[in-house]
Every structure is written in C-alpha cells, then in structure tokens.
Amino acid sequence: MIDLKLLERDFENIASKLKTKGVKEEDLKEIKKLFEEKKEIQTVFEKYQAKRNSLSKEIGLLMREGKKDEAETIKTKVNDIKVKIEELNEKLKKIEEKLNQKALSIPNIPDSDVPVGKDEDDNVEIKRVGEIPVFDFEVKSHDELGEELNWLDFKAGVKLAKSRFTVLKSEAARLERALINFFLEHNRSYGFEEVYVPFLVNSQTMTATGQLPKFKDDLFKIEDEDLYLIPTAEVPLTNLFRDEIIADLNEPVKLTAYTPCFRKEAGSYGKDTKGIIRQHQFDKVELVAITKPEDSDKMFDEMVECASNALEKLGLAYRQLMLCTGDLGFSAAKTIDLEVWIPSQNRYREISSVSNTRDFQARRGKIRYKDGKKNRLVHTLNGSSLAVGRTLVAIMENYQTKDGKIKIPEVLQKYI
RNA sequence: GGAGAGAUGGCUGAGUGGUCGAAAGCGGCGGCCUUGAAAGCCGUUGAACUCGCAAGGGUUCCCAGGGUUCGAAUCCCUGUCUCUCCGCCA
C-alpha cells in the first residue's frame with residue numbers, strides 16, 4: 001500500500017508519478033479526502049470515548065462509596081455520550097472500509113529512475129549477453145520437438161485438466177527436475193536459504209503481497225475455503241514475515257524456494273497458445289529478500305546478477321530489460337526482466353523478473369524491523385531464478401540438433 | 001469426520017465485571033559490583049492510530065467478529081486456530 005501520509009503531504013509529486021502507471025488523479029484525490037475525513041472523525045470520536053471512560057471510572061468510585069444517587073446521575077450523562085459514540089463509530093467504520101478498499105487497489109509508486117512509458121514497447125534494454133546460436137538447418141519450435149520426441153503430451157494435459165496444462169514425459173520430466181535442483185543449488189551459492197512452503201495460502205497472505213483484492217480473477221481459489229493456489233513463491237516466502245518485527249536486520253534475509261505456480265492467465269486468451277510458454281501450472285524457483293531500506297538497491301543488483309548468472313551457466317543468450325512505468329507490476333517500484341533467446345520465435349522471451357517493492361508490501365503486511373528503539377518498515381524484493389518451464393523451452397530450442405534431438409547442457413548432466 | 005480442552009505481552013503463566021496494558025518468572029536492554037566474566041543487586045523493557053512546533057496527551061488492542069453493561073481480558077453468541085483422544089490416511 002502506498003503511504004497515505006506521504007500522499008497527503010506530497011500530493012502533486014505522488015500523483016504525477018502514479019499517473020505514469022495509469023492511476024487517475026481523481027482516484028488519488030478521493031483517497032486523500034477520505035483519509036483526511038477519517039482523521040477528523042477519529043479525533044472527535046476519541047474525545048467522546050475519553051469522556052465516557054473517565055465518567056465510567058467515576059461511577060465505579062461512587063458505587064464503592066455507596067453514593068448511588070450521584071452515580072445514577074452520571075449514568076444518564078454517559079448514556080447521552082454513548083449515542084454519540086455509536087453514531088461516530090458507524091461513520092468511522094464506513095469511511096475506513098471505503099478508504100482501505102480504495103487504497104489497497106492503488107499500485108506502488110515507480111522509482112524515479114524507471115523510464116516513463118506506456119507499455120512493453122517502451123521498456124529499455126540494458127544489455128545483451130551471450131551469442132545467439134546460428135543453425136544450419138530449419139529450427140523447430142519446442143512444441144514440435146516436444147511432440148516428436150514424446151517429451152510434451154498436450155492432449156494428456158487437456159484430458160486430465162483443461163487447456164494450458166501439459167504432461168511432461170521421459171527426458172523432459174527428468175530435465176524439469178534437474179533444472180529445479182540446479183537452480184536451488186545455484187541460489188544457495190549466492191547465500192539464499194532454501195525453504196519449502198505451502199502451495200495454498202489464505203486471503204490475508206494474498207493481500208499482503210498485493211494479489212488481493214485487485215487481482216482475484218487471476219487466482220485459482222479452493223471452493224468453500226479461504227485458500228488460494230499460489231501464483232508464485234514470492235507470496236508465501238514474503239508472508240513468512242507478515243506481522244513480524246525482525247529484531248536484527250543487519251544481514252538481509254535471503255530465501256529461495258521451488259514451487260509450482262498457478263495462474264488463471266485471465267485476459268491472455270489467444271496469446272502463446274502453442275507449447276508451454278504460458279500455462280496454468282508451471283514450476284518456478286524464486287528468490288525473496290528482506291532488507292533495511294538503505295540496503296535494497298544493492299540486494300536488487302545482487303538478485304539480478306544471481307538470475308543472470310544462472311542463464312550464463314546454462315549457456316543461454318539473454319538480455320536485461322528495465323521495465324517502463326506502464327509495464328511495471330502492481331507491487332513493484334522497479335523491475336528488471338531477463339529475456340532468453342527463443343530461436344523458433346526469433347526473439348527474446350521473459351524468463352525472469354526481479355522487482356524491488358520498497359515498503360509497499362511491508363506496509364500491507366506490517367513487516368518491520370528494529371532500528372534502535374523504532375520499528376521501521378522493511379523493503380521486500382523478489383525475483384525468479386528461474387522460471388523452470390520456460391528454461392526447458394529455451395534449452396529444447398537452443399540445444400536442438402540437426403537430427404531433431406536435444407543436447408543436455410553440461411551443468412545439468414550431474415542432475416540427470 | 002467425532003469427542004474433549006484451550007487461545008493473555010519475545011516466552012512461560014496469573015488474572016472471572018471497575019483502581020488491568022494486565023501479577024510473577026524467564027529472556028532483552030542499562031547500571032552497580034569485578035582485572036574481565038559469571039553470580040548477585042538496582043532500574044528498564046509491547047504495538048497501532050491520532051492530537052501537538054515540542055514537552056506531553058488521547059484512543060484502540062488480552063485469537064477474530066458481534067452482543068450485554070455506565071464500565072468487559074473477565075459475562076453471552078458466532079467463527080477461526082491449536083492441543084489431546086478416536087476414526088481415516090501417505
């Protein structure tokens with residue numbers, strides 16, 4: 001959630017920054033107004049409560065002394081106040097609910113070094129790494145290769161579930177597992193501690209990291225339960241610290257986890273319908289870090305480096321992209337995407353996304369640390385290292401041979 | 001799924017209508033003592049919001065949400081979770 005006090009204090013600035021992310025100024029104006037109204041009502045409300053409390057105390061004392069009549073007089077007085085309190089309470093609750101609902105739907109403020117832009121076409125390439133492979137034969141797409149080699153069974157996925165689910169067979173299944181192991185080990189070498197988490201989480205958890213309330217339609221929900229399938233391990237990993245005050249954050253918290261991820265992919269019908277680029281279920285190894293505010297920039301670079309290096313070890317060509325304001329995710333203040341070369345599409349495709357959310361998630365989830373006597377909000381960061389399914393795609397396509405087979409990258413051989 | 005018990009501060013745990021944000025112990029922090037440490041002694045030690053330039057106030061929070069009452073950690077209702085036993089199960 002954005003800082004409402006900051007919004008109140010520095011409205012013009014915040015509004016202009018959020019405008020680049022598609023937030024209407026009138027929505028922010030309304031939030032500011034609600035916030036100010038709320039505080040006003042609250043002040044009056046609390047004054048009445050204070051009055052009630054002190055009078056009630058008096059009644060107690062009078063009763064003890066046996067002065068029943070005097071007590072009765074005060075009682076009628078308190079009764080009048082009670083009516084007022086009830087009234088104000090109702091008003092306050094209504095306004096708080098409205099404010100909360102509105103404020104939770106406002107995305108994070110982009111960092112000032114994030115390029116301003118409308119959509120993905122305005123993202124800025126930072127660098128390209130690795131040689132794009134040249135083939136002296138007609139390259140096949142991963143879905144062609146997958147069917148020919150009996151690695152990917154699209155029909156079986158549809159039979160078991162529905163479209164955008166796929167069954168991996170033989171070498172592909174083993175390669176998937178090898179990649180998970182490889183990434184976890186790789187991340188561990190960067191100091192990220194491996195964690196294993198639930199794949200189902202409750203609505204409070206989803207709210208803290210920003211999936212709820214706004215993106216309900218993208219999530220799979222369990223019927224009759226307050227449980228959702230996670231869209232990324234970022235959700236459980238970050239929420240490990242929800243409502244916590246971390247005593248010592250001199251060393252950042254660094255975690256990594258493998259989980260499957262579940263996404264409805266609402267609004268992406270017709271996109272990437274072939275192959276396994278866009279699935280309802282996919283594997284991902286995630287990085288999450290929690291830092292002091294002053295340490296988050298450094299951690300961000302470290303996470304980009306970690307994910308990039310994994311691609312280099314696999315010998316895959318990729319590029320780094322700084323997302324523009326219009327393409328930035330809801331919770332992110334800044335994001336760098338890694339895109340891997342996909343020969344059959346003759347272009348780079350997203351394989352990792354590293355984001356700094358600053359204190360946006362921390363405020364929602366009340367994740368704080370002790371800074372001397374004070375409790376301060378932490379910064380939270382997350383990034384994929386890496387998306388496993390898309391790495392499988394990249395390996396299949398980049399490592400294909402003329403006779404329609406696929407070589408296994410050297411670093412993976414010990415896992416297979 | 002069935003039966004029972006429970007949920008209080010960082011932890012253990014007392015508190016059954018008013019003076020309770022809450023005893024006591026442990027832990028943490030500061031000090032005394034000590035060459036240093038331990039022990040011992042003394043002091044201190046929750047969070048959120050809000051008013052105020054500040055000093056300093058106020059409100060809320062004893063699992064959550066309702067209710068009774070002038071007044072609720074304490075009484076009533078609903079829900080959630082935890083533990084124990086049984087059933088089922090990898």
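No hydrogens, no waters, no symmetry mates; every other heavy atom, side chains included, goes into these values. Remember, it's a predicted structure, so these values are computed and weren't measured experimentally. Here is the naming used below: chain letters follow the sequence lines, and residue numbers restart at 1 for every chain.
Remark: B/G4 base-pairs with B/C83. Criterion, Watson-Crick or G-U wobble with two distances under 3.5 Å. The partner of B/A22 is absent, by the rule that a Watson-Crick or G-U pair needs both atom distances under 3.5 Å. The partner of B/A37 is absent, by the rule that a Watson-Crick or G-U pair needs both atom distances under 3.5 Å. B/C62 makes up no base pair with any nucleotide shown, lacking Watson-Crick or G-U wobble contacts both under 3.5 Å. Within the shown strands, nothing qualifies as a pairing partner of B/C89 under the Watson-Crick or G-U definition with both distances less than 3.5 Å. Partner assigned to B/G52 is none, using Watson-Crick or G-U wobble distances below 3.5 angstrom.
The closest side-chain donor-acceptor pair between A/Thr401 and A/Lys407, if any, does not fall under 3.5 angstrom. No side-chain N or O of A/Tyr258 forms a donor-acceptor pair with one of A/Glu194 less than 3.5 Å apart. Under 3.5 Å, the side chains of A/Ser296 and A/Thr291 contain no donor-acceptor pair of N or O atoms. A side-chain donor-acceptor contact under 3.5 Å links A/Asp337 and A/Ser353.
One atom, CG of A/Leu92, and another, P of B/A48, lie 19 Å apart when rounded to the nearest Å. To the nearest angstrom, C1' of B/G71 lies 16 Å from NZ of A/Lys77. Residue A/Asp243 contributes atom CG, which lies 12 Å from atom P of B/G10 at whole-angstrom precision. Note: CD1 (A/Ile81) to P (B/G71) measures 11 Å, nearest angstrom. Regarding A/Asn100, its CG atom lies at a distance of 14 Å from the C1' atom of B/A48, rounded to whole Å. Atom CD1 of A/Ile74 and atom C1' of B/U69 are 16 Å apart (whole Å). Atoms CE (A/Met63) and P (B/U69) sit 14 Å apart, rounded to a whole Å. Between A/Arg363 atom CZ and B/C49 atom C1' there is a gap of 14 Å when expressed in whole angstrom units.
Annotation: side chain to side chain contact (heavy atoms under 4.5 Å, CB included) contacts of A/Lys366 (sequence neighbours excluded): A/Asp243, A/Arg368.
Nucleic acid contact class of A/Asp226 (heavy atoms, under 4.0 Å, all strands): none. Within the 4.0 angstrom heavy-atom criterion, no nucleotide atom of any strand lies near A/Lys68. Within the nucleic acid shown, A/Leu55 has no heavy atom closer than 4.0 Å to any nucleic acid atom.
For the P atom pair drawn from B/C81 and B/G43, the interatomic distance equals 45 Å after rounding to whole Å. Comparing the same atom, P, in B/U84 and in B/G66 gives a spacing of 32 Å after rounding to whole Å. Separating the P atom of B/C75 from that of B/A55 is a span of 41 Å, rounded to the nearest Å. The gap from the C1' atom of B/G18 to that of B/A24 amounts to 23 Å, rounded to the nearest Å. Distance check on atom P: B/C26 versus B/G79 gives 41 Å, rounded to whole Å. For the C1' atom pair drawn from B/G71 and B/G67, the interatomic distance equals 15 Å after rounding to whole Å. When the C1' atom is compared between B/U59 and B/G52, the two are found 15 Å apart, to the nearest whole Å. Rounded to a whole angstrom, the distance from the P atom of B/A37 to that of B/G46 is 27 Å.
Checking A/Lys93 against A/Lys366, the closest nucleotide of RNA chain B that is more toward the 5' end is the one next to A/Lys366. Residue A/Lys57 is the one, among A/Lys57 and A/Val78, whose nearest nucleotide of RNA chain B lies closer to the 5' end (criterion: closest heavy atom).
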Q: Report, as a single string ordered 5' to 3', how protein heavy atoms within less than 4.0 Å touch nucleotides 50-63 of chain B: B base, S sugar-phosphate only, - not at all.
A: SS------BBS---
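A salt bridge links A/Arg358 to A/Asp111: at least one charged side-chain nitrogen sits closer than 4.0 Å to a carboxylate oxygen. The pair A/Arg188-A/Glu185 meets the salt-bridge criterion, since a charged nitrogen lies less than 4.0 angstrom from a carboxylate oxygen.
Two rings, from A/Phe330 and A/Phe360, have their centers less than 6.0 Å apart.
Enclosure of atom CD in A/Glu90 is not indicated, since only 12 or fewer non-hydrogen atoms of other residues, nucleotides or ligands lie within 6.0 angstrom.
The two residues A/Asn187 and A/Cys306 come nearest to each other via the heavy atoms OD1-SG, 3.3 Å. Here the closest non-hydrogen pair linking A/Leu412 and A/Ala178 is CD2-O, 4.2 Å.
Under the 3.5 Å distance criterion, the side-chain polar atoms of A/Thr73 are matched with a main-chain donor or acceptor of A/Asp69.
For A/Lys374, no side-chain nitrogen or oxygen approaches OP1 or OP2 of B/G46 to under 4.0 Å.
For RNA chain B, no neighbouring residue in residues 195-213 of chain A is found when judged by any heavy atom under 4.0 Å.
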